[in-house]
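Below you'll find the structure, written out as structure tokens, and then a few comments.
Treat the numbers as computed from the prediction; the structure is a model and nothing was measured. As the structure lists them, so they are numbered: ligands from 1, and atoms in each ligand from 1. Below, all heavy atoms of this structure are taken into account, side chains as well, without hydrogens, waters or symmetry copies.
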Amino acid sequence: MRFNKMAVAINPQNHGFKQFVRPPRCKIPSFSQLDYNNILESSQTSLTHSLHHVPFEFSNIQKSFSTPCLSLSTRTEEDIESNPRVEIIGGHHAPKVHALVVEVAIAMASGVKPELLASGLGGAYLFRATNGNAIAVAKPADEEPLALNNPKGFAGRMLGQPDMKRSIKIGETGVRESAAYLLDHDGFAGVPPTTLVKFSHVTFNINNSQSIPTSTYKIASLQRFMEHDYDAGDLGASGFSVASIHRVGILDIRLLNLDRHAGNILVKHGKESYAVDSAELVPIDHGLCLPESLDDPYFEWLHWPQASIPFSESEMEYICGLDPFKDADLLRNELPSIRESSIRVLVVCTILLKQAATSGLCLAQIGEMMTRKCYGGLEEWSALEKICFSAKVNIESKIKEDDQSICEEKERSVGIFQFDYEDGDGSYQEDEEADEILQGSAITAKPPKIPRFSSVRSMSTIANPSVFHYEEECDYLNNKFRSSDTLIVNDGGKEDNINDSDSQKTSAMLMSMSFGTKNYKNDGEGISFGEMSSEQWSLFLEVFEKLLLEAFEGKNCMCLSKQRLGSSCEF
Ligand SMILES: Nc1ncnc2c1ncn2[C@@H]1O[C@H](COP(=O)(O)OP(=O)(O)OP(=O)(O)O)[C@@H](O)[C@H]1O
């Protein structure tokens with residue numbers, strides 16, 4: 001097929017592609033003259049890019065050679081229904097993705113079939129144009145590593161079950177690929193155009209063993225194919241520029257990338273061949289970004305010397321310009337299937353990046369703060385996790401105090417049982433005494449009682465987290481949660497034992513800590529933020545930012561970079 005015989009027209013009324021009938025002797029612009037991107041982006045088309053919507057003029061393709069969809073006039077509805085199709089289903093407003101989808105649609109219309117790529121653990125397929133040039137890489141959700149239809153022998157789990165990482169569910173990596181591209185503002189890190197699509201009637205892998213009826217469509221990520229010479233694993237890092245590594249690292253920190261191994265950085269040499277610094281790095285494979293809880297990231301660049309060089313002025317400008325709340329809204333609008341818990345991880349990590357960079361930390365130091373350590377087979381929480389845990393405990397105690405005040409207020413206003421709590425002078429008794437009264441009392445209906453936290457810690461801790469101490473707070477919580485006979489009466493009057501579910505988990509978590517060294521051991525569950533109400537979330541962020549500031553005190557990037565680089569390393 002010669003592309004200069006093809007024309008694309010947009011119908012502004014329905015924002016879709018309109019069948020295009022060329023008037024006689026009308027000049028058709030050549031493919032190169034068509035500014036694909038501008039036409040497609042300005043149309044704001046967000047509808048199906050199905051083949052029967054894409055108009056073609058095929059001058060040199062024989063009908064017998066092509067797929068039925070090429071003959072617009074003779075197609076029946078049935079033909080059209082079974083034609084291969086591709087449509088965008090997430091990230092509609094990302095730049096350059098409409099053009100990509102159209103190119104793939106055209107290729108499919110020409111009978112091109114996706115080719116399974118050998119590398120990677122998941123099903124990744126290459127789409128080529130009819131001239132053989134690679135256009136895009138598609139990764140169907142049900143062919144991810146461990147998923148049902150994985151073509152490389154790593155199948156078995158149902159969609160929605162935990163992926164290779166517990167904090168990401170199977171079948172949900174494609175949406176993360178699309179998110180990474182959306183969040184890579186102005187192509188800062190160079191993530192190739194990526195979108196979430198639905199392929200219908202396209203031949204991908206189906207494992208025969210499954211008894212479930214097969215569907216005619218697959219959800220997949222679709223990414224622009226990037227020409228490259230190697231991946232970073234084939235080369236030493238010394239040929240990469242500081243800037244190119246920083247850009248990838250900044251993205252990984254914001255997105256808490258759990259999978260930045262060297263194979264996920266493509267390397268393209270500059271025109272002036274193999275000169276140092278001329279290599280362009282292209283980050284791919286962002287399926288394990290934005291976990292639903294804090295997790296252990298993998299940053300290949302962490303020990304590359306370039307990561308210890310301070311951020312440049314322009315990098316600082318980019319970092320300072322990041323707005324985590326705008327980014328969160330962008331994801332909510334463009335990719336509604338991304339869970340709030342993942343969006344909150346993005347917010348936390350972006351705040352960390354911004355504060356750390358303004359405090360003078362370099363990429364390696366920030367990456368280290370986010371990475372768990374392993375001692376003798378035991379995993380220790382990362383510094384970021386410790387700070388988040390601390391902020392969570394801090395706000396939990398405030399929330400419980402608030403709940404308690406509400407309960408007390410209720411009691412006062414109802415006016416019953418009040419005598420049980422009051423001293424002779426009418427003042428309220430301290431926790432222990434009140435507990436004794438409650439447990440020993442013969443009253444049938446117990447008033448609501450929530451475990452209290454030290455009143456001394458109350459609001460002042462929230463207002464000034466610097467007075468918060470892990471040991472004090474955690475010892476207190478441990479003691480509280482250890483007493484199995486403590487009861488809560490919730491609003492509905494139903495009794496719950498405090499030793500179940502969340503409280504038990506919290507208790508176990510607290511018990512597993514070594515307070516002397518603050519070597520908090522990880523119990524496998526990451527810290528998550530999804531369960532917080534919006535008020536709790538705002539409060540959490542307030543405390544988190546204050547604790548972060550404290551953590552950065554005394555750290556100096558330059559000292560560390562000297563240590564790391566020695567004297568022979570120059571960039
Ligand atoms: N945008 C792209 N441009 C060029 N090549 C690509 C692109 N995306 C993927 N590839 C190629 O396809 C291979 C598999 O892709 P990818 O790493 O994304 O798949 P995966 O199954 O998620 O891999 P992994 O096992 O690392 O999780 C890559 O190693 C790379 O060679």
Can you give the donor-acceptor pairs under 3.5 Å from side chains of residues 254-263 to other protein atoms, not counting sequence neighbours?
| from | atom 1 | to | atom 2 | distance (Å) |
| --- | --- | --- | --- | --- |
| R254 | NH1 | L183 | O | 3.0 |
| R254 | NH1 | Y318 | OH | 3.4 |
| R254 | NH2 | L183 | O | 2.9 |
| R254 | NH2 | D327 | OD2 | 3.1 |
| N257 | OD1 | D259 | N | 2.9 |
| N257 | ND2 | D252 | OD1 | 3.1 |
| D259 | OD2 | N264 | ND2 | 3.4 |
| R260 | NE | D252 | OD1 | 3.1 |
| R260 | NE | D252 | OD2 | 2.8 |
| R260 | NH1 | N264 | O | 3.0 |
| R260 | NH1 | I284 | O | 3.2 |
| R260 | NH2 | D252 | OD1 | 2.9 |
| R260 | NH2 | H286 | NE2 | 2.7 |
| H261 | ND1 | G263 | N | 3.1 |
| H261 | NE2 | N264 | ND2 | 3.2 |

Contacts of D234 meeting side-chain contact (heavy atoms from CB on, under 4.5 Å) (sequence neighbours excluded), chain-then-number -> Y230, D231

For Y181, the ring pair (Phe, Tyr, Trp, His ring centres under 6.0 Å) test, sequence neighbours excluded, returns none

Please report the interatomic distance [atom1]([X]) to [atom2]([Y]), rounded to the nearest 0.5 Å.
X    : Y    : atom1 : atom2 : result
E292 : S341 : CD    : OG    : 4.0 Å
L294 : E385 : CG    : CD    : 5.5 Å
K354 : C320 : NZ    : SG    : 6.0 Å

Chain-and-number sorted residues having a heavy-atom contact under 4.0 Å with ligand 1 are L117, S119, G120, L121, G122, V137, K139, Q223, R224, F225, M226, H228, D259, H261, N264, L266, I284, D285

